[in-house]
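Throughout, protein chains are lettered first and strands after them, A, B, ... in sequence-line order, and every chain is numbered starting at 1. Any value given below was found using the heavy atoms of this structure, including those in side chains, with hydrogens, waters and symmetry copies removed. The shown structure was predicted, so the numbers you read here are calculated from the model rather than taken from an experiment.
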Amino acid sequence: MITKILMIVAYLLIAPVAGCIFEGLGRMLSAVLEGRAGATLLQPYYDVRKLLEKDSMSPSPHQDLYLLIHMIFTLAAGGVFFAGGDLMLVVVLQITATAFAVTAAYSSGSPYSVLGARRKMLMMMACQPMIIATAVGFYIYKDTFGVRELAGSGGMALLPMAGLFLGFIYIMTIKLEAAPFDLGASGSGIHELVSGTETEYTGRTLGVMKMMGWYERVTMFGILFLFLSNGRVTGYIVGILVCAAVYFLQVIGGGVLSRVKPDFALRSAWVITIALGIVNLFVLQFVIEGV
Amino acid sequence: MSFAKKSPWVLYFGGAGCNGCGAEVMAAFNGDYGLEKDGFKLTNNPKHADILLLTGGVNNQNRDVIKQLYEQMVEPKAVLAVGDCACDGGLFKDGDNIVGGMEKVVTVDHRIPGCAPDPESLVAGLKEVLEVFDEKATDGGEGEE
Ligand code: SF4
């Protein structure tokens, strides 16, 4: 019990720091790739601190409430994950969190925000099947949804679940709205939606939402880590290295690929879910487990 | 201490002018002048912006737009007028449609004269207006409207 509480506290404290540092490194890397001097490592931290110091104004009385619920579910998802709880519960909490972020963006009624919300919902539909397939894959392979058992025992799931692993990386990029899938917020570079779902978040609210993004990212990388972790130190080290490599590949990919259309994101996500995810589940069930 | 100085997000609006200042603004932000290192960032969303950077003058068509952009920014915020047109109407001051400089519609916190000012003075001016912004942030986000 005490370890669980400690893990949750550690998650709440360390996740934003890790998220912030990785975002800073990512920005530095993309600046190097684009031949710019770029911002400093701590710029994301400064941005959020400044935003937290600003006022905020809300276009609708409900937006802040929905965002609060989004916040609670995002933190709960990460908390359950790092306390070693049920992976399926984490997935459900994440879906609920996203649903409330979408509702918040809809509630403002502002055109860019609503368009962003519509896209974010499409992205949610694109991602969830694969994330659920991943959880099911872990269950078939290790007979449990418990994150603690998944991380701390059995063999490395990477090889038997290779399809799910690759598919999960693809879907994770969509889920975290990293370029070229930054459709909902349509943040950097192109701005065709001003800032999409984030258009109506101001000052403090925007700062908190940025932090929620870090929490969410850490949880998603935590799930990715489960593919590598086998309860031994080597597994942990490989896991962390692979997570870092995937993150930087996403940054590079975001820099060199042109932004996709929502339609393509949805279709490709489903094709990948079926081709890599579902096929992998069948192989896992009928060939590897031999049932 | 305030973090306002570390991460100023700039909203650029080009008013009634020849757009020469606009070209200089883009040049100042292109990376060679290290504005990004100081946390400066151009944003297209007034609701996210800290500094409103205005070029060109006010005419009857854009006065409400400028006012609205300013009102949509949350406190604390600061306004920078770039170029003679934004300072007092400049070259086009006597035009029938020109109302005047930007102070006709918003409180301007800092002015950079010149037609057009070069990127170096723009960068210097941005840092000046940052002081004003920081002051407002430290005073508890009260604007001086
Ligand atoms: S100040 Fe000069 S360069 Fe700038 S917009 Fe006016 S006329 Fe053009």
Side-chain angles (χ1 to χ4, degrees), chain A residues 20 23-24 27-28 30-60 63 105 108 110-113 115-116 185-207 209-210, chain B residues 1-13 26-52 65 68-78 119 123 130-145:
Chain A
C20 175
E23 187 178 332
R27 281 197 205 175
M28 286 168 84
S30 44
V32 169
L33 290 175
E34 290 162 14
R36 288 181 286 121
T40 53
L41 175 65
L42 287 181
Q43 193 56 46
Y45 169 73
Y46 296 142
D47 288 349
V48 166
R49 283 304 298 263
K50 176 211 65 183
L51 287 169
L52 293 179
E53 280 174 4
K54 288 199 81 163
D55 283 357
S56 70
M57 53 184 175
S58 181
S60 90
Q63 182 182 283
S108 72
S110 110
Y112 292 118
S113 186
L115 205 53
S186 110
S188 52
I190 301 151
H191 297 294
E192 106 257 32
L193 290 188
V194 184
S195 24
T197 42
E198 288 183 354
T199 307
E200 299 297 328
Y201 304 161
T202 45
R204 271 193 298 280
T205 316
L206 182 63
M209 287 304 286
K210 292 236 180 264
Chain B
M1 94 158 219
S2 151
F3 284 86
K5 248 172 143 170
K6 299 260 190 195
S7 147
W9 292 357
V10 180
L11 173 71
Y12 160 58
F13 179 83
M26 289 306 137
F29 273 94
N30 76 0
D32 291 345
Y33 297 90
L35 280 177
E36 216 182 338
K37 269 233 143 39
D38 295 323
F40 281 97
K41 187 178 104 169
L42 277 178
T43 168
N44 282 359
N45 186 349
K47 301 201 169 188
H48 293 181
D50 305 307
I51 293 170
L52 179 58
V65 177
Q68 197 186 15
L69 285 176
Y70 181 76
E71 279 163 5
Q72 284 187 338
M73 290 167 65
V74 285
E75 298 285 355
K77 56 190 171 186
V123 170
L130 202 52
E131 298 294 333
V132 183
F133 175 56
D134 184 46
E135 233 165 73
K136 289 186 182 183
T138 335
D139 292 348
E142 284 307 309
E144 43 163 278
E145 237 184 303

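- Of all the listed residues (A:T40, A:D47, A:T202), the one sharing the greatest number of non-hydrogen pairs under 4.5 Å with chain B is A:D47.
- The most heavy-atom pairs under 4.5 Å with chain A, out of B:Q72, B:K41, B:K47, come from B:K47.
- Contact check for B:Y70 versus B:K77: side-chain heavy atoms found under the 4.5 Å cut-off.
- Of the charged side-chain nitrogens involved, none lies within less than 4.0 Å of a carboxylate oxygen, so that A:K54 and B:E75 do not count as a salt-bridged pair.
- Salt bridge present: A:K50 and B:D50 bring a charged side-chain N and a carboxylate O closer than 4.0 Å.
- Judged purely by distance below 3.5 Å, without hydrogens or angles, the side chains of A:S60 and A:S108 never pair a donor atom with an acceptor atom.
- Residue contact with chain B, scored on non-hydrogen atoms closer than 4.5 Å, involves the side chain of A:L51 exclusively.
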